[in-house]
Every structure is written in C-alpha cells, then in structure tokens.
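See below for the structure under consideration.
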Amino acid sequence: MTDNKILNDMKKNIFVLTIMLFTGFVANAQVKKGDVLIKNATVLTVTKGTLTNTDVLVSGGKISRIGKGLNAPNGVQEIDATGKFLMPGIIDAHSHIALSAVNEGTSQVTSEVQMGDVIDPFDVSIYRALAGGVTSTHALHGSANVIGGESETLKLRYGSTNPEDLKFENAPRTIKFALGENPTRGGRSRGIQPSSRMGVEAMLRNSFTDAQAYRAKWNAYKADKNPRKIAPEYDLRMETLVDILEGRVLVHCHSYRADEIYMLMKVFADFGITKLTYQHANEAYKVAPELAEFGAMASVFADWWAYKLEVYYSTAYNATILTRNGVTTSINSDSGELIRHLFHEAAKTQKYGDLTDEEALSLITLNPAKQLGIENRVGSIEVGKDADLALFEGHPLSVYAIPVMTFVDGVKYFDRANDIKDQRIYVNPEQAVENVTIFNREDQHRCMDTEVVSFEALFSNNK
Amino acid sequence: MKRVFQLIIIAIMVPLLSFGQEDDQVMKARGGKFALTNAKIYTVTNGIIENGTLLINNGIIEAVGANVKIPADAEVIDCKGKEIYPGMIDSGTKLGLSEIESIAEANDFSESGDLTPQMQALSAVNPNSVSIPVTRVSGVTTVWTAPAGGVLPGTAATINLFGYTPDQMFAGSKGIIMNFPSSGGGGRFRRRSPEEQAKAVERALKTVNDAWDKAELYAKIEGSGDVRDYPEIEALVPVVKGSMALFIEVNAAKDILTALEWIKKRGYKNVVLTGVAEGWRVADKIAEAKVPVVAGPVQAIPTRDSDAYDAAYANPAIMHKAGVKVAIRTGDTENVRNLPYHAGFAAAYGMGKEEALKAITINAAQILGVSDQIGSIEVGKKANVFVSTGDPFETATKITNVFIDGYLIPMTSQQIRLYDEFLNRTPGVKKNDPAIQIKKK
Amino acid sequence: MKLLSIKTIRAVFLLLISVASLSVKAQSDPTGQSAVTRTFAITNATVVQAPGKEIKEATVVIKNGLIEAVGTNLTIPNNAQVIDGKGMYVYSAFIDGLAYTGSKRPENVARPNNLFSPDPPNDYAGITPENSVLAQIDISSSTIGNMRKEGFAISHTVPYGRMLPGSGALILLGDKSHADEIMLMNDVSMFTQFAGAPGAYPGNVLGIMAKWRNLYRNAENNKKHYDAYTENPSGIERPERDRVTEAFFPVVTKQRPVVFDVAGVLEVQRAMSLQKDLGFKLIVGNVQQAWDIAPMLKNNGTGVFLSLDMPDMPKEAKGKDLEAMTEETKQLEARKMEFWKKYASQAAVLSAAGVKFGFSSLDATGNKIKANLMTMIENGLNESDALAALTINAASLLGIDKIAGTVEKGKTANLMVSNAPFFTKDAQIRYMFVDGDKYDLEIKEKKEAGKGNASEGSAAGAAAVVGSWTYSFETPQGETTGKMIIKNEGGTLTGSMTSGDGSGDVDMQDVTFVNGVLTFSISRDGGGQSIELVISGTVTGKTYNAEVTVSAFNFSTPLTATKDDGQ
C-alpha cells in the first residue's frame with residue numbers, strides 16, 4: 001500500500017467518523033425523561049382546580065412537586081410561564097397519525113393484527129399534533145371490519161427513528177370494532193354477510209361463541225395430564241378474542257346510530273364484556289342513560305355531521321348530553337388537522353351546552369385517559385403523574401389560545417419560540433422541493449371513515 | 001350526591017339554553033319593525049357604538065346610533081350587555097347544494113364535463129336544507145355557494161340563509177368559478193420533475209385559454225346577429241366585459257404566480273383568487289397585482305410536509321399585511337357555522353380581531369360584490385345582523401338573535417331540537433333493560 | 001450456524017464436476033464455443049486473494065472447477081490454457097446476497113371467488129413457503145449474463161411472489177443448459193416480504209405481521225406434534241400434512257434463515273421485531289436505509305445485505321437557477337443533499353459500526369452497480385470493506401465461506417479478472433470464471449459523450465414506446481386486459497388506455513419516457529373520489545414490465561404489456 005493510499009484511507013475513516021457524529025446513533029429503545037421547573041403559571045390541573053401563580057417541578061419525567069416559590073435543583077432548566085396557562089397534555093382517543101397502514105380491510109374479523117406493528121415515527125403530523133398541545137394519541141385500526149385490529153396508545157416522542165420509542169409503556173391493550181355503514185359496505189358490495197346491521201350483530205355473536213369454544217379447547221388441553229398430549233391449533237385471532245372475553249383488552253367501537261350502539265351493549269352484556277368505549281357515537285346522546293348504566297364511555301366529535309346518512313341526525317350538543325347523563329366522554333379528532341386544535345374542539349361544548357372549564361378540559365385530558373386505561377399516568381396535573389404537559393398563551397378554551405410548549409415525560413418536544421419550519425425526520429432526496437398537497441376537507445372526512453372507497457370499487461362496473 | 005348536583009345544574013340550564021322553545025310549536029321567522037337597544041354595536045365600517053340602538057324596518061337598517069328615537073310601534077329587544085354585529089359572510093361554501101356528502105343523489109354541486117360555466121348553483125340551492133338553520137343560528141347570515149369539479153364548473157351565487165325559494169334567498173351577486181390548472185399533486189409514489197409539472201400545467205392552460213379566446217371573440221361579435229347559440233361560452237362573456245367576477249381557485253405558490261400573469265395578460269378587471277393556500281409565499285406579488293383573495297379554510301394542514309405547522313393559520317394575516325384584500329371562507333358545507341373560528345384562528349395568528357372581522361363581513365361583501373347591500377351596519381343596508389353575548393369569535397359566546405333580510409330568525413335547528421328532546425330523555429333507562437343485564441363469567 | 005454441511009457441499013461438488021467434465025469430454029459442439037480445456041493459468045497478475053491481501057506478479061491455476069494453486073513461481077500444468085494477466089487484477093468473483101437473477105416472474109395466480117375471507121387460498125394470498133425458486137429458474141434468462149458482466153458468480157436467488165414466495169437458492173451465474181447445472185445449493189433461505197395480496201388477506205403489512213406470527217407459532221406447535229408422532233405414533237392423532245407448516249420447520253429449528261426484503265428503516269425494524277418475538281434466524285436484504293440503526297443490527301447479530309440501488313443525486317443548481325432560488329428552497333435542497341449523502345455513506349457507517357454486510361441487487365439496475373459502489377467508496381467506504389462485502393462477508397452470511405469468497409487453493413474457481421484495480425473508475429472486467437468456466441468480456445471503448453443516452457429528454461427515444469400495446473394486470477376482480485395507445489404529439493407523449501371491463505377509454509396523464517422507463521398515470525372514479533393509479537416500468541424491446549401503484553390504498557401490482565405486431 002502506498003503512503004498516498006494510506007492517507008486516503010485515513011481521510012475516509014475521518015469522514016466516516018464525522019458522519020457518525022452527525023447521524024447520532026439511536027440506541028435501543030431508551031426513552032428520554034426530562035427535568036424542568038415551570039414557574040408562575042396558571043395551572044389547570046383538571047382534577048384539583050385552577051392554581052394561579054403556581055410552579056410545577058418535573059423530575060425524571062414525572063411531576064414531583066406543585067406549589068409556589070419552588071426552586072430549581074442544580075442544573076434543572078427553569079421556564080418562566082408568567083401569564084401563561086399550563087394544562088395536562090392533550091390526549092386524542094381516536095387518531096390515525098403516525099401509522100404506515102390503517103386498515104387490514106380484507107376480512108371482517110382481524111383481531112390478530114396490531115397497530116403497534118405499523119407505527120410510523122416519521123409522520124410529520126406528530127410534530128403538528130405536538131404543536132397543538134397533544135402528547136398522546138390512540139392509534140386506531142380503521143373501520144372497514146366488524147372486528148378490526150388491536151390499537152396502540154402512543155406518546156408523541158417525535159424525533160426518534162425507532163417505532164418502539166413512541167409506544168406508551170404498559171398502556172392497556174385496546175381493540176377497534178366497527179358497526180354500521182362501514183363494515184357492511186364490504187358485504188353489500190360483494191353480496192355476502194354482513195350486509196346489514198343484523199348481520200353485524202350475528203358476526204359479533206359468532207365470533208365470541210367461536211372464541212369461547214377455542215378457550216374451552218385450550219383449557220382442556222392445559223388441564224390434560226397426559227404427557228403426550230397434542231396442542232390444539234393456535235389461532236392469534238381467537239387468542240385476542242379470548243383476551244377480550246376475559247377483560248384484558250379494552251374495546252373501542254366505531255359506531256354512529258343509537259340502535260347499533262344499543263345492540264353492542266346487549267351483545268357484550270350476554271358475553272360478560274364490560275370494558276367498552278364508543279368511538280364517534282354521533283347518536284350516543286339518544287341512549288345516554290343506557291350507556292351510563294352499562295358503564296360504557298363515548299369518544300365523540302365536537303360538531304362533525306352530515307357527511308353520511310348515519311350521521312345526519314347528529315347534534316353538536318352530543319358531548320354535553322352524554323356528560324350530563326353521567327357518561328365519561330371525550331372529544332377526539334380522527335384527523336391530522338383537527339388534532340392540532342382539540343383544545344378548541346373541547347371549547348365548543350361551552351357553546352353547545354355550557355360545560356364548565358373543568359368539564360370541557362376533561363374531554364381532552366382525563367376522560368380520554370380513562371377510556372385508554374392510562375388515567376393513573378396522565379390526564380391531569382398531579383404529583384406522581386407523567387410530566388406530559390402543554391403550555392398555552394391564553395386560556396386553552398379561548399379561540400385565541402396559542403400552544404407555546406409541549407412536554408412529554410418532561411422533555412420539551414415543541415417550543416413555538418424555537419420552531420424550525422421543516423420538521424421532517426427523513427427526506428426523500430428524489431422528491432421535488434415543491435411537493436404541494438392541498439388540504440381537502442373531503443379527504444379529512446374520508447380519513448375518518450378510512451377506505452370509504454374499497455379498492456374493489458375502483459374496478460367494479462356496478463358503482 | 002354528585003348526581004343530584006348534576007340534576008340541579010340541568011334544571012337551571014335547560015330553560016336558559018333552549019331559548020324558550022315549546023314542544024312541537026312551529027317557529028316561524030317574523031318581519032316588521034324592531035328596535036335593538038342598549039347594545040354595543042360593531043358597525044365594522046363606522047367604529048363601535050357603545051350603548052347604541054339599531055332600528056330595523058321593513059328589512060332595512062333604518063337607524064343606528066347612540067341616540068336613536070325608538071318608534072312606538074317597534075318591537076323592542078333589550079340587548080343590554082350584548083353586542084351586535086353585521087351578519088357573518090362565508091365567501092366559499094357548498095351550502096344548500098349538498099345534503100349528505102356520501103350519497104351521490106344528495107349532491108348537486110358538480111356537473112359532468114370540464115366546461116360547464118353556465119350551470120347555475122342558485123337553481124340547485126335547497127332552501128330547506130337542514131344545514132341552513134344549523135348555520136344561521138350561529139350568526140352566519142350569508143354565504144357564497146359555489147359549484148365544484150371541472151375546469152369551469154359553473155356560476156356561483158351569494159345567498160342569504162333565509163327564504164323559501166332560491167330567489168328569495170338570492171343576495172344579489174353571481175360569479176364564474178374557475179379551477180386554475182394545478183402543478184401540485186402527485187402522490188407519494190409520484191416523481192414528477194418540475195419540468196414535467198410545468199408541461200402538465202401548460203397543457204391544462206391550453207384548454208382554459210381556448211375557452212376564454214372563444215369568449216373574447218364571442219363578446220366582440222355578439223351583436224353581429226350571426227353568432228351561434230353557445231351557452232358555455234356565452235356564460236363567460238360577462239367576465240370578459242367586466243360585469244361579472246371571475247373566481248379563480250388556485251393554491252400552490254407557483255400556480256398563483258401563473259394565475260396572476262394570466263389575469264394580467266387577459267386584462268380581466270373583476271377577478272378574485274380563492275383558496276390561495278400558499279398565498280403567504282407570494283403575498284407581495286398578489287398585493288402588487290391588486291387582486292383580492294378569499295382565503296381558507298384557515299383550520300387546515302400546511303400544503304407541504306416541509307412547511308411550518310401554522311402556515312395555514314398565519315396565511316390570511318401575512319397576505320393582509322402585504323396589502324392584499326382578504327376575505328375568509330370555511331370551504332365547508334354542513335359546518336359553515338365554524339366560520340367565526342376560522343376567523344378567530346386567523347386573528348390569533350397575526351391578523352388581529354378587527355381585520356379578521358372585516359374578512360368575514362365587509363371585505364367579503366366587497367369581494368362578492370354585495371357591499372352596497374350587506375357587510376356592515378349602516379343605514380340603508382339590509383338588516384342582516386346578529387346579537388351575541390360577546391366576541392363572536394370566542395368559542396363560548398352565544399348568539400341570541402339573528403336577523404336576515406330584516407326577519408327575526410327563530411333560534412332553532414334540528415340540532416337544537418334534538419338537544420331539547422334528549423338532554424333529559426323520558427323515559428330514561430329501564431331497570432330490566434337487557435343491555436344492562438351483564439352476565440357474569 | 002452454517003447453512004451447509006461440508007458433506008453436502010462435497011456431494012454437490014462431485015455432481016457438478018462430473019457434469020462439467022462430461023460437457024467437455026463427451027459432447028460435440030458444432031457452435032465451436034466450448035472450451036478445449038478446463039485447466040487455466042492466469043499468469044503475471046496482481047491477485048487480490050482476500051480484502052487487503054494482495055500478491056503481485058502471481059499466477060492462479062484453475063483445474064476441474066477449483067482453484068488449484070495461487071502464488072508466484074508456480075508450475076503451470078501442460079494442459080492449461082495460459083492467460084497473460086500482465087497488468088490485470090484477479091479477485092474472487094462477487095456474491096449477490098439477494099436477487100431475482102435467473103428467476104422468472106410466474107403467471108399471475110387466478111383470482112378466486114371467495115376473496116373476502118380470513119383465509120383465502122394460499123397461492124393467491126402469497127403464502128407458499130413450500131415452493132422453491134427452482135420452479136422459477138429460467139437458465140436462458142439474460143439476467144444471469146448481465147450480473148456476471150458486473151462481476152458476480154454466485155447469486156442468492158429468490159422466487160417472485162407475495163408474502164412468502166418460497167425458498168431461495170444459491171445459483172452459479174454460468175451459461176448452462178439445465179437448471180440443475182447452475183444450482184449450487186437449494187433451500188438455503190425462507191424468503192419473505194411485506195407484499196400483500198391484492199384485495200385478499202393478508203392485504204398489507206398489518207395482516208402480514210399477524211399472519212407471520214400465526215404461521216410461526218402454529219409451526220412450533222405442529223413441530224412438536226410431528227416429532228411426537230414420528231417418535232411413536234401410538235395413541236396420537238395423525239398430524240395433518242400441511243406443506244406450509246412443514247416449510248417452517250427448518251426455520252423453527254433455526255437451520256434455515258429467514259431472508260426479509262426490507263428496503264426502508266421501518267421495514268427493517270419490523271422484521272427485527274418479528275424476529276425478537278419469534279426467535280428465528282434473520283437476514284435483512286435489499287436494505288436502503290440502515291444508517292440510523294447500525295448499533296441495533298450489530299447488537300442483534302442480524303445479517304444484512306445492503307441494496308446496490310441508490311437514489312439519484314439531487315441536481316445542484318448553478319448560475320441563474322441558483323440566483324433565482326429562495327433561501328427556503330436552498331435549505332430544502334440542502335436537506336435533500338444531506339439525505340442523499342446518508343444513502344451514499346450508509347455502507348461506510350455500517351462498516352464503521354462493525355456490522356457484517358453483503359450486497360443485494362434486488363432493486364438495482366445492473367449497469368448502475370459499479371457506479372453506486374464507487375459512490376459508496378467516495379462517501380467513506382473502504383475499498384477493502386467494499387470488496388469484503390461483495391465476497392467473503394457475503395459468503396460467510398450465506399454459509400459458503402469454505403468454498404467461495406477468496407482466491408485460495410481448494411475453493412471454487414469463481415474469479416473476476418479486471419484490466420485495472422476494480423475500484424477505479426475506468427476499470428473493466430476482462431474475464432469471469434464461474435465454477436471454473438471462463439467467460440470473455442469485451443473491453444468497451446469509452447462512450448462518446450451524449451451517445452447511448454438517447455432517451456434522455458422524452459421525445460428523442462419516444463419511438464420505442466409510440467404505438468399500440470396490449471397490457472394485462474391483476475385487479476381484485478381478476479385479470480384486466482386491454483390496449484394502451486401512446487402517441488407522440490409534437491414532442492409530447494400522450495396516450496389512452498382501454499380497459500377490458502367496458503368502462504371506456506381513460507386518458508393517460510403525464511406520460512414520460514426517460515432512460516428506458518415509461519411512466520404515466522390514470523385516474524379512476526372511486527365513488528366520487530378520483531383515485532390515481534401510477535404506472536411505471538421498463539421498456540425492453542417490445543415488452544413493458546411495470547408496476548401499477550395506487551397510493552390511496554398503499555397498494556401495487558405488476559402490469560405487463562407487449563407491443564402489438566406490425567409496427
């Protein structure tokens with residue numbers, strides 16, 4: 001090897017080293033936890049009233065103290081929040097951002113699929129949601145199937161390339177069900193069941209009866225003392241259904257009409273399933289007393305309606321009626337746009353029904369936390385809870401409110417003062433710089449009812 | 001205990017909220033002579049009148065001021081502690097043209113064919129659309145309702161949100177809609193080079209130019225007596241002559257610049273740009289061309305992944321500051337009631353309340369060509385006004401009275417009626433209801 | 001874990017040698033193309049025995065398909081054909097870690113009627129791990145010679161298909177008359193990819209992840225059942241002979257690695273998360289975005305075959321264009337360049353992190369391989385690491401390092417001889433030895449500027465696409481066929497498609513033909529929503545091999561078209 005060549009190789013090594021320094025290796029899922037002292041804010045605790053001129057100390061990603069005149073431990077960053085409002089990070093109980101795929105819409109029961117497999121940490125919608133004060137989303141499967149897949153509760157830790165980093169550690173398992181127009185669309189276009197709301201009920205009952213039989217088979221196998229026993233067939237789809245029967249998975253059901261909402265309660269009552277939240281539930285207000293009595297919860301839109309027949313008889317007073325009837329209610333986005341101003345969506349309940357500030361804020365914090373089974377971790381500002389926080393200029397229920405900082409586990413992921421425009425994590429070197437997509441309200445509605453158009457319909461003559 | 005407390009709240013709230021509506025009583029709008037007294041009146045064009053009176057007579061604003069004499073035969077509505085504004089105007093909707101979006105048969109805003117400028121939105125407006133009362137009780141009294149679809153999808157119209165026939169609703173102006181060829185688009189898998197995009201726009205522009213060349217020729221030889229009947233082209237003639245406005249839907253920055261060039265070359269005097277999602281990128285150029293814009297929706301995601309998260313919120317403010325006349329639209333159908341919130345977001349992100357209010361009142365009226373009739377509280381203008389408990393942009397604010405064309409509008413809608421019926425449903429849940437008999441495992 | 005036992009290798013060798021010698025001794029050859037002898041001596045050459053190990057003025061003796069001797073001062077056998085290697089460089093021929101080389105895309109599976117079901121037929125769903133790529137090998141495929149031209153002698157070739165197309169095989173890139181003759185080793189891997197079935201379960205990555213777990217866990221159970229039954233069938237229900245589950249058995253016992261086609265960084269991590277759940281032996285192939293996960297790959301011991309494909313370098317604006325650029329555009333262009341460099345330096349980053357990797361040609365076009373390798377070297381990859389990835393590391397990942405990957409006595413005579421050090425710009429390959437057979441390659445004169453790139457700028461090469469074509473592609477409703485007509489209208493390509501379902505002509509939009517790639521899009525009405533289908537692929541003579549992509553459904557399917565005769 002000539003000297004020159006050695007020199008060249010050395011240069012290359014230095015180059016590689018430089019690249020490594022800039023790239024910054026992402027280690028195996030080790031989530032960042034922050035320490036910070038937020039001084040002199042109006043603290044909207046949600047559970048313990050409004051505290052004026054109050055400090056919140058965060059240590060190791062948890063809220064460690066709430067009080068006046070707190071001092072920052074050595075090296076802990078202090079944020080002057082004078083005149084600003086601090087609220088718990090907003091939780092969206094219905095979202096499809098941060099996902100590479102939404103529906104496995106090729107079959108009516110797909111309880112085996114898991115949204116945790118398809119997290120997309122690069123979706124710039126995550127940053128935009130953070131810029132709206134959102135810290136957690138419920139990443140749901142779509143609504144093409146009667147029983148869709150398991151969903152994943154996320155913390156919006158934007159910036160990582162590792163999908164695991166976004167998972168809300170130890171959040172309970174949840175699954176998506178769907179009733180009404182969407183899951184019957186597949187059947188209607190193919191002439192198979194379910195083509196009606198009757199068929200949806202039958203499919204639900206069949207599925208859980210199958211699951212009971214599956215469970216019995218495995219229980220018998222486990223009890224069998226024969227050393228040469230042979231295991232029954234393993235079926236991930238049935239495994240998940242059994243977990244639902246046993247209460248290990250919370251059901252979140254896409255639904256609109258009161259009759260279908262009522263039907264599912266009856267089916268669940270028969271199978272002894274109690275952990276139930278209705279998603280969208282535009283007509284839940286009509287059966288609010290039944291929901292309250294069952295203990296079912298509802299996650300609704302503030303005012304979306306009329307985009308399809310089953311939401312024609314909606315009312316923007318839905319959340320209020322549900323709340324006043326004692327149903328734990330949340331307001332969700334189901335949209336990469338709405339998610340950026342859920343605080344404003346929640347405020348609409350003050351126009352449509354005069355909910356108090358605390359009630360309105362609960363709709364996007366504590367209540368969705370309850371629906372996701374994470375209320376012991378997030379959803380209010382209390383000592384011991386995760387420091388998932390949103391700081392606002394202006395009261396968050398005011399239309400003029402501007403989110404200025406958002407923290408997850410005490411780590412600041414959004415700061416309006418230091419906002420860099422281009423937040424993409426990965427950039428396609430072959431894509432034109434001017435890659436313009438015009439926001440389309442219709443697309444947003446379609447987002448909500450993912451795959452309104454089936455792929456089949458594209459090639460079908462009977463439109 | 002909690003439950004009891006809730007019931008008490010309900011008992012207090014219900015009468016307050018349902019605006020005194022009786023079960024099954026048909027509520028009709030009423031015309032006549034009204035005196036709205038003791039109000040803070042936002043005239044928009046002539047400042048704010050504290051403790052003022054607004055006199056409505058026979059559909060017209062007869063007087064407004066601090067010292068207005070109240071005629072004996074006027075119905076007095078005491079607005080103490082309340083505010084009065086000109087009715088809000090949404091400069092871009094499909095209201096009345098679509099009842100249920102997913103059902104093809106319930107949509108009438110789009111015709112077959114690329115060139116259908118003669119199609120009249122006004123003819124397809126359903127005065128009894130359930131969305132109309134839902135919208136007007138929120139203080140939106142007038143909207144621009146427009147066809148959509150092809151290159152020249154049709155003729156839009158300004159309508160007031162009260163009336164039993166389209167003509168009763170017609171608020172006096174129409175305009176041609178044109179979708180300017182777009183260089184944007186291309187899905188995730190699309191790799192169009194800028195050159196290819198430019199070529200595509202050029203081709204699409206050719207179709208557009210052919211139509212307008214014909215229209216210009218038509219306008220020139222119209223009187224010669226030997227011109228064929230050509231409704232598509234005839235519909236464009238008023239634009240060529242400047243007697244009707246052309247509304248160009250255009251969003252990408254590059255396309256906006258192309259559109260401005262196009263307008264200059266054509267020399268059309270009465271042109272409005274709509275959508276203008278990337279107007280902020282070329283605001284100076286729009287201002288220079290002195291072309292007004294209808295911007296929105298404001299609550300929208302940015303047009304590019306690389307854009308700042310608040311690009312759409314800040315867009316109206318940036319254009320306004322550059323000197324562009326800006327109106328704000330929702331682009332919505334059933335949720336046009338959210339117009340004040342789109343304006344509110346624009347206000348918060350740099351536009352300020354006063355300008356944002358203009359963007360949905362006087363600016364909108366000027367751009368739509370109806371400012372002689374509506375858009376501000378001035379004597380002689382149509383009585384399109386609303387009374388509110390405060391700042392109409394603020395989410396919690398209630399609208400208590402709405403006047404359209406001088407008619408006092410009943411404060412009810414399908415959504416309010418459902419609320420009244422179901423807030424405290426009778427009967428409630430029954431003890432033996434099968435849905436709550438949960439079987440033990 | 002070794003892929004092959006030495007015994008098997010020996011057996012295969014004996015077989016190969018006997019076949020080869022037969023071909024020399026027992027057959028007449030009226031074409032006159034056969035070699036006179038299979039003994040060769042390359043003399044006076046620089047022999048790169050292994051990365052970093054170079055012998056000058058050395059001789060390599062090849063005999064019976066093996067490297068007989070390497071060194072200086074060797075005795076040259078009398079029956080050898082002597083090749084003067086003066087000024088030449090001898091390398092171990094390259095090994096392609098994951099490729100379709102030599103395999104032929106099978107006919108589309110007919111669309112069954114009962115698609116909307118949790119359990120569509122396996123062949124349509126793409127769950128056929130019991131198949132072998134052998135069934136798809138086409139020895140007349142031009143891809144074999146094309147990859148050999150690029151320096152490759154062994155290819156880990158996998159079958160076309162969907163989720164689990166079948167097992168891969170190691171093939172020798174020689175010209176032979178029977179598939180068996182080029183087969184080095186069959187069933188060396190279970191090939192899998194995130195490719196859903198059109199309109200059937202599993203339709204996308206969601207279903208594929210779940211189906212994978214289900215198949216694997218069932219196979220674990222079934223394996224126990226089979227074993228118990230084999231040991232003593234008395235009193236045990238006869239296990240159902242399920243070919244899919246049986247195909248998983250060597251994976252469950254970690255005798256056979258799972259090779260995942262995963263280009264993007266998220267897909268790589270998904271494959272790794274499956275592996276973490278289930279515990280099989282994993283190789284990730286066709287990897288394009290691993291710069292951020294090098295330590296993870298290293299810690300996990302995951303085998304990696306990096307893609308030989310690379311995005312085109314963003315064009316840097318100059319002069320007037322640069323002046324016209326806004327600050328924002330400059331920054332965005334800079335980010336594109338920053339990311340292009342990440343692609344270009346990915347191999348260097350992995351190398352520095354100590355990840356053992358080879359290369360895959362799966363998504364690469366043959367004539368770009370050398371250029372892309374040079375780009376990687378310019379962006380920090382050591383030449384010796386590049387060579388290792390192409391030879392010994394690939395051999396070791398595929399378990400054939402005992403027989404391939406270096407120029408050493410006793411190894412298979414797979415050699416590449418170039419007229420200059422290979423990793424220099426103008427170096428060209430002069431000879432390839434595959435399994436001891438010599439292939440002469442033409443040394444091309446340097447291309448004249450502008451020549452050979454006639455299709456740059458769509459109109460010039462447009463004649464190749466203008467005319468009438470008959471196309472077919474698979475839709476959920478079954479195969480759709482029809483005509484596509486492409487015209488050249490004053491330098492602009494336009495066209496239309498008729499579809500077999502009688503829905504009338506559809507105009508093509510944005511038709512482009514650049515560098516042999518024809519791209520256009522069409523819109524279909526999906527219930528009021530306009531859905532865009534993008535069709536893009538390569539035109540070779542009268543054949544168009546394309547992919548239809550519907551981004552709205554995150555779906556793609558192949559389309560093939562043939563130019564109608566008489567044009």
Side-chain angles (χ1 to χ4, degrees), chain A residues 9 12-13 15-17 19-20 23 25-28 100-101 103-110 112-115 117-118 120 122 141 149 161-164 186 190 192 228 230-231 233-237 422 424 426-431 433 442 446 451-453 455-461 463, chain C residues 116-118 199-207 209-210 213-214 217-218 221 224-225 228 235-237 265-266 269-270 291-296 299 311-312 314 329 331-333 335-336 339-340 343 345 348-349 352 380 382 475-477 480 501-503 524 526-527 529 531 550 553-555:
Chain A
D9 279 354
K12 271 169 201 155
N13 283 331
F15 184 57
V16 171
L17 208 72
I19 292 165
M20 285 169 61
T23 318
F25 284 145
V26 179
N28 282 355
S100 304
N103 265 297
E104 177 57 65
T106 50
S107 159
Q108 282 297 23
V109 179
T110 57
E112 71 279 15
V113 312
Q114 297 171 8
M115 303 317 283
D117 284 337
V118 297
D120 174 6
F122 301 143
H141 187 272
T161 55
N162 187 345
E164 294 298 314
R190 295 172 182 88
I192 55 171
R228 303 186 68 220
I230 299 298
E233 194 186 345
Y234 173 86
D235 189 336
L236 188 51
R237 186 173 298 147
D422 182 7
R424 293 170 301 165
Y426 270 35
V427 172
N428 178 353
E430 291 184 332
Q431 191 176 57
V433 160
E442 278 72 31
R446 290 215 163 82
E451 291 187 14
V452 164
V453 187
F455 183 73
E456 270 80 354
L458 273 188
F459 300 96
S460 155
N461 284 324
K463 285 191 187 120
Chain C
F116 200 54
S117 128
Y201 186 87
N204 61 26
V205 55
L206 269 169
M209 291 290 280
R213 292 193 181 97
N214 209 64
R217 291 197 179 128
N218 248 317
N221 277 355
K224 285 181 199 143
H225 189 173
I236 293 181
E237 201 184 327
V265 64
L266 296 180
Q269 291 179 92
R270 280 169 196 149
W291 55 82
D292 279 331
I293 53 169
M296 212 188 271
N299 295 342
D312 293 336
T329 312
Q331 278 171 26
L332 293 174
E333 288 293 346
R335 283 211 79 190
K336 276 167 68 173
F339 267 81
W340 181 80
Y343 284 91
S345 60
V349 169
N382 278 326
T475 74
Q477 256 68 39
T480 289
D501 68 1
S503 57
R524 300 279 306 216
Q529 186 185 12
I531 305 287
V550 190
F553 299 105
N554 198 9
F555 164 81

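Because only heavy atoms are used, hydrogens play no part in the values below, and waters and symmetry mates are left out as well, while side chains stay in. A note on names: the letters A, B, ... follow the listed sequences, proteins ahead of strands, and every chain is numbered from 1.
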For A/Asp120, what residues pass the salt bridge (Lys or Arg N to Asp or Glu O under 4.0 Å) criterion, not counting sequence neighbours? none
I'd like to verify something: which residue of C/Arg335, C/Met209, C/His225, C/Gln331 has the highest number of heavy-atom pairs under 4.5 Å with chain A? C/Arg335
Against chain A, label C/Gln269 side chain, backbone, both or neither, depending on which of its atoms sit under 4.5 Å from a heavy atom there. side chain
When the 4.5 angstrom heavy-atom criterion is applied to C/Leu332 and chain A, the contacting part is both
With chain C, which of A/Ile192, A/Leu236, A/Asp235, A/Ile230 has the greatest number of heavy-atom pairs at distances under 4.5 Å? A/Ile230
Check the pair C/Asn221 / A/Glu233 against side chain to side chain contact (heavy atoms under 4.5 Å, CB included), numbers first and verdict last. CA-CA 8 Å; C/Asn221 277 355; A/Glu233 194 186 345; over 6 Å; no
Donor-acceptor contact below 3.5 Å, side chain C/Lys336 vs main chain A/Gln431: yes
Would you name the heavy atoms of A/Arg237 and A/Val109 that are closest together and state the gap between them? NE-O, 3.3 Å
Does any backbone or side-chain atom of C/Asp312 lie under 4.5 Å from a heavy atom of chain A? Answer side chain, backbone, both or neither. both
Between A/Gly186, A/Gly149, A/Ser107, which shows the greatest number of heavy-atom pairs under 4.5 Å with chain C? A/Ser107
Distance-only, no hydrogens or angles: does the A/Glu430 side chain make a donor-acceptor pair with backbone N or O of C/Pro311 under 3.5 Å? no
Check salt bridge (Lys or Arg N to Asp or Glu O under 4.0 Å) between C/Arg213 and all other residues, then give those that pass, not counting sequence neighbours. A/Asp117, C/Asp277
Contact part of A/Tyr426 toward chain C, heavy-atom cut-off under 4.5 Å: side chain, backbone, both or neither? both
